[in-house]
Number of protein chains: 2
Amino acid sequence: MVRAGLTVARLTQAGAELADEVGFEQVTVSAVARRFDVKVASLYSHLKNSHDLKTRIALLALEELADRGATALAGRAGKDALTAFADVYRDYAHEHPGRYTAARFRLDPEAAAASAGARHAQMMRAILRGYDLTEPDQTHAVRLLGSVFHGYVSLEAAGAFSHSAPDTEESWSRIVDALDALLRNWPAPAL
Amino acid sequence: MVRAGLTVARLTQAGAELADEVGFEQVTVSAVARRFDVKVASLYSHLKNSHDLKTRIALLALEELADRGATALAGRAGKDALTAFADVYRDYAHEHPGRYTAARFRLDPEAAAASAGARHAQMMRAILRGYDLTEPDQTHAVRLLGSVFHGYVSLEAAGAFSHSAPDTEESWSRIVDALDALLRNWPAPAL
DNA sequence: TGCGCACACCTAAGATCTTTAGGCAAATAC
DNA sequence: GTATTTGCCTAAAGATCTTAGGTGTGCGCA
């Protein structure tokens, strides 16, 4: 019989495609096996288990997202950088909804440490260099940016904004504008 | 044999408790049946299917959250209202992680329409009455608030902030302060 | 108080997914 | 060209979901 040429990388890739097509929740070891026209058990020489597959897809998505972020940030600063980076998140989520969901998959500590998570945080800090924030405030701002990007994209994907005007495109750009304004006038700690 | 006294409400409640104990992902029709010491098939006279159960838990969580929000908002305005409402979200997520996850379960349109989603939006609009925003900007601001609350709480729950100082408590209050400042100085549309 | 009916819960069974154990054949190594 | 590695397979057990059809309980009503 002809071998299918399974590798962890190809399985992960296929899982990511599957996620975009049918949703990350529906990604199963069986479904991936079907896609390679191979018996389910065969995947277990490459993957530890189902959770392992999902973790790998999550790590792939985080890498891709970080790569796009890095590209977007190159040669940009200030509001320009902020906008470009924000759009990377939203565009990625639109193009790859399943992968984006995967990127928010709860990773166990070891996986998290090996993930591109740190790169994401560093890029946000790089953006903030264009604004005038003291060190502790920078951390707060990083968390705010992460929250807004992640929150907006999630809610939009969940359809939370889909039943009200105006369109989400406009809200997005107005919100990014607002964040820029906020970062330029970050308030001092309350008394 | 003694009847267990199954009702949709009790099943939903049990599912919600289970979600908080072992995570929303682990909530299964079988697990709920086990909790009532009843055969799995028995639940299918009360529930349409597994998805139905999850939807009901999600609706329950959204109601509870809206109730708490309404209580918090009573007699408050401005920043006071904003802070109280924000804390409702975060506290609920801490107290009931499984339910909070459930609240973000993707609802089909009919379920969404019957959900407390509209109450949430209305409460946010009520908060914004304490700030001076024109109508379209109010919508953008509602979306921003939703994004930040949801995003922050999700990322915190996912452990995204757990490996860096300062503590998440402080970031949270500084971020709410920042939102207040932003709402008081909402920028005009970019040219 | 007793009768009948509705329905609450059950048994049975098929389908899908996960995971492990052990086997055969194809690729690779010498 | 043989030997070894290893990729993929068969087999099997356990879990979940879901449907179909059966039985006894408890309530409404006479």
Side-chain angles (χ1 to χ4, degrees), chain A residues 1-60 98-99 101-102 105-108 110-111, chain B residues 1-60 98-99 101-102 105-108 110-111:
Chain A
M1 72 211 49
V2 188
R3 296 198 175 179
L6 304 182
T7 63
V8 179
R10 290 189 65 201
L11 293 172
T12 305
Q13 186 65 34
E17 286 162 16
L18 201 58
D20 287 335
E21 289 164 22
V22 302
F24 184 61
E25 308 303 321
Q26 322 303 322
V27 173
T28 115
V29 180
S30 297
V32 174
R34 236 175 275 129
R35 183 167 271 239
F36 281 96
D37 202 23
V38 136
K39 297 296 169 184
V40 198
S42 307
L43 301 209
Y44 282 82
S45 349
H46 303 276
L47 304 169
K48 250 182 45 220
N49 52 35
S50 178
H51 187 269
D52 183 30
L53 171 63
K54 288 180 182 155
T55 297
R56 287 175 191 279
I57 298 172
L59 294 176
L60 171 69
R99 282 156 147 99
T101 301
F105 183 64
R106 179 65 143 136
L107 298 175
D108 31 272
E110 14 154 19
Chain B
M1 72 213 47
V2 189
R3 295 197 178 180
L6 303 183
T7 63
V8 180
R10 290 189 65 203
L11 292 172
T12 306
Q13 187 66 35
E17 287 162 16
L18 202 57
D20 287 335
E21 289 164 22
V22 301
F24 184 61
E25 308 304 321
Q26 323 303 321
V27 173
T28 122
V29 182
S30 299
V32 174
R34 235 174 277 128
R35 181 167 275 239
F36 282 95
D37 202 22
V38 137
K39 297 295 169 185
V40 196
S42 307
L43 300 209
Y44 281 83
S45 350
H46 303 275
L47 303 170
K48 251 183 44 221
N49 51 36
S50 177
H51 187 267
D52 183 29
L53 171 63
K54 288 180 182 155
T55 297
R56 287 175 191 279
I57 298 171
L59 293 176
L60 171 69
R99 283 155 146 100
T101 302
F105 184 64
R106 180 63 145 140
L107 298 175
D108 32 272
E110 13 154 20

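Proteins come first, then strands; the chains are lettered A, B, ... in the order of their sequence lines, and each starts at number 1.
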Item to complete: Evaluate whether atom CG of Asp108(B) has more than 12 neighbouring non-hydrogen atoms of other residues, nucleotides or ligands under 6.0 angstrom away.
Response: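 Yes, the 6.0 Å shell around CG holds more than 12 heavy atoms from other groups.
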
Tell me the interatomic distance from [X], atom [atom1], to [N], atom [atom2], rounded to whole angstroms.
X	N	atom1	atom2	answer
Leu43(B)	dT11(C)	CG	P	14 Å
Asp37(B)	dA8(C)	CG	C1'	15 Å
Asn49(B)	dT16(C)	CG	P	17 Å
Lys54(A)	dT18(C)	NZ	P	7 Å
Leu11(B)	dC9(C)	CG	P	9 Å
Asp52(B)	dT18(D)	CG	C1'	13 Å
Lys39(A)	dT20(C)	NZ	C1'	17 Å
Leu47(B)	dC9(C)	CG	P	12 Å

Practice prompt. Specify the residue among Lys48(A) and Ala31(A) whose closest nucleotide of DNA chain C lies further upstream toward the 5′ end.
Written response: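 The residue closer to the strand's 5' end, by nearest nucleotide, is Ala31(A).
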
Worksheet item: Given the rule in the side-chain contact (heavy atoms from CB on, under 4.5 Å) test, do Leu53(B) and Lys48(B) qualify, once you have shown the distances and angles that lead to the verdict?
Response: CA-CA 8 Å; Leu53(B) 171 63; Lys48(B) 251 183 44 221; over 6 Å; no

Discussion item. Measuring from the side chain of Ala41(B) (C-beta onward, heavy atoms only), which nucleotide among dC17(D), dT19(D), dA11(D) has the closest atom?
Written reply: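 Closest nucleotide to the Ala41(B) side chain: dT19(D).
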
Counting only side-chain nitrogens and oxygens, does [X] get under 4.0 Å of the OP1 or OP2 atom of [N]?
X	N	answer
Thr28(B)	dC17(D)	yes
Ser50(A)	dT18(C)	yes
Arg34(A)	dC17(C)	yes
His46(A)	dC8(D)	yes
Ser45(B)	dA8(C)	no
Ser30(B)	dA15(D)	no

Discussion item. Under the criterion side-chain contact (heavy atoms from CB on, under 4.5 Å), I'd like the reasoning laid out for Leu18(A) against Gln26(A): C-alpha separation, chi angles, the key distance, then a yes or no.
Written reply: CA-CA 8 Å; Leu18(A) 201 58; Gln26(A) 322 303 322; over 6 Å; no

Worksheet item: Which word best sums up how the rings of Phe105(B) and Phe24(B) line up, parallel for under 30°, tilted for 30 to 60°, or perpendicular for over 60°?
Response: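 It falls in the perpendicular class, over 60°.
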
Worksheet item: Less than 4.0 Å between a side-chain N and a carboxylate O, is that true for Glu17(B) and Arg35(B)?
Response: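 Yes, Arg35(B) and Glu17(B) are salt-bridged.
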
